[in-house]
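Single-structure report; data block below.
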Amino acid sequence: MIRTFAELDLDQNLIEAIEQMGFERPTQIQADAIPQALDGKDVLASAPTGTGKTAAFVLPALQYLQDFPRKKAGPARVLILTPTRELAMQVADQARALAKNTNLNIFTITGGVMYQEHADILGTTQDIVVATPGRLMEYIEAERFDCRAIEWLILDEADRMLDMGFGPVVDRLSAECRWRKQTLLFSATLEGKGVEGFTEDLLKNPVKIEADPSRRERKKITQWYHRADNAEHKLALLKAILSDQAERSIIFVKTRERLAELRGQLESVQIVCSWIQGEMPQDRRNNAIQRFRDGEVNVLIATDVAARGIDLPDVSHVINYDMPRTADVYLHRIGRTARAGKKGNAISIIEAHDQPMIERVMRYTKDEIKERYIKDLRPKAKKPTFKKKKKKSAETKKKSNVKKKTGKKK
Ligand code: ADP
Ligand code: MG
């Protein structure tokens, strides 16, 4: 079992960069995936959010490029696909930090950037290109990007890419990169619909790695919930949490409308926040994230769509102001706190109708989520109990007598 970076067959210049980044030991996914990737295998890997997947594919790619140095200038040899531009930038930043003691060139090709700006880089030698699928495909179609030299194809957040409808484009990109030697696919989950079929065409006899450090890492997240009687009560609870205990928080809401409403409510009591939502101009998104990252504001409100794949450092609290629709999304959300060994808190503020959801989350995660109270803000209503008798309750899995054909799908 690998416990140190030194055991990973990485060159000294990479080890030094790793040390300078403050990484002390490899995370589970890094220890599992790096040797396989360096061994020339295709890799199909999943690990929860925040467990260091980026370095798990960047490090072997950098090592590979050093082991087989290019003989002459030319186009990219490693292509990393990510679902969003923010993520592409983050991956590129981390790759540059890890490659700081090398001469390797790392570029991004994403939407939201003028063709002009990309024009310069396309002429120069690139070692690694981090790209979003849509924009890259445009370049290929315009014969402005050449995939023939790609030796490694890496897909980050494959589940999100599928969710976002990138499946067909990724398939085409895979065909464009058909001379590659290796393919690595990373995902938070491998369960989503279509991931199986999708990966079949992309990977050749992949080594499947499901790092499950989640138990241990999730342990560092203290989860609890507060019950609210109504909307005003809910807001009062949130304000109390933000002013008394939360240092740096991400608040999740379900829609843009809810986001706008909450923003107004917080601003009216002088709680400054930034926010991100889907379909927001790129510069404003970056701006909002930067303000939060720099500590200019300590509250970030987000919808799930907007928060996909973004690594926001040092979040002390994840607050579910609206419960997510699935337990899986809950896990994605809370994965944003307690990153890489730090402690974190995940608080759900729920109304009566959310009670079944919080219970589902507990079953799914096998974590205990306790109710807590805030002085003077105790709920008046009793905790609702949803009896399993209720017909539409999908929770009861009575396998025995479901012979009836009725489309009783979950
Ligand atoms: P994921 O892609 O799995 O969600 P990231 O690659 O974004 O996770 O990493 C999450 C955070 O953990 C980043 O801030 C990263 O710098 C940090 N990190 C990665 N690997 C390590 C490590 N071995 N030790 C400490 N921190 C790490
Ligand atoms: Mg990631």
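Just so we're clear, the structure is a prediction, and the values are computed from it rather than from any experiment. Numbering of ligands and ligand atoms starts at 1, following listing order. Note: hydrogens, waters and symmetry copies are ignored here, and every other heavy atom, side chains too, is used.
Checked by atom type, the side-chain pair Gln66/Asn13 shows a donor-acceptor distance below 3.5 Å.
At a threshold of 4.0 Å, the pair Asp127-Arg70 counts as salt-bridged, since one of the basic side-chain nitrogens sits closer than that to a carboxylate oxygen. Contact check on Arg77 versus Glu151 returns a salt bridge, with a Lys/Arg side-chain nitrogen under 4.0 Å from an Asp/Glu carboxylate oxygen.
The Thr27 neighbourhood of ligand 1 comprises atoms 22 (C), 23 (N), with distances under 4.0 Å to a heavy atom of that residue. Residue Thr54 has at least one heavy-atom neighbour below 4.0 Å for each of these atoms of ligand 1: 2 (O), 5 (P), 6 (O), 7 (O). Every atom of ligand 1 with a heavy atom of Thr51 under 4.0 Å away is listed here by number and element: 1 (P), 3 (O), 8 (O).
Comparing Gln28, Lys53, Met21, Arg25 against atom 23 (N) of ligand 1, the shortest heavy-atom distance belongs to Arg25.
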Name each donor-acceptor pair under 3.5 Å that joins a side chain in residues 252-263 to protein atoms two or more places apart or in another chain, with its distance.
unit_1, atom_1, unit_2, atom_2, d
Thr255, OG1, Arg258, N, 3.1
Arg258, NE, Asp322, OD1, 3.3
Arg258, NE, Asp322, OD2, 3.0
Arg258, NH2, Asp322, OD1, 2.7

Please table the atom pairs, donor to acceptor, closer than 3.5 Å between any side-chain atom in residues 347-357 and protein atoms at least two apart or in another chain.
unit_1, atom_1, unit_2, atom_2, d
Ser348, OG, Asn320, ND2, 3.0
Glu351, OE2, Lys234, NZ, 3.3
Asp354, OD2, Glu351, N, 2.9
Gln355, NE2, Tyr225, OH, 3.4
Gln355, NE2, Glu359, OE2, 3.2

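Checked by distance only, ligand 1 and Gly52 come closer than 3.5 Å through their nitrogen or oxygen atoms. Considering backbone and side-chain N/O atoms, Glu24 never comes within less than 3.5 Å of an N/O atom of ligand 1.
Between Phe292 and the options Ile276, Val299, Val297, Asn287, a side-chain contact (heavy atoms from CB on, under 4.5 Å) holds for only Val297.
Only the side chain of Phe5 comes within 4.0 Å of ligand 1, counting heavy atoms alone; its backbone N, CA, C and O stay farther away.
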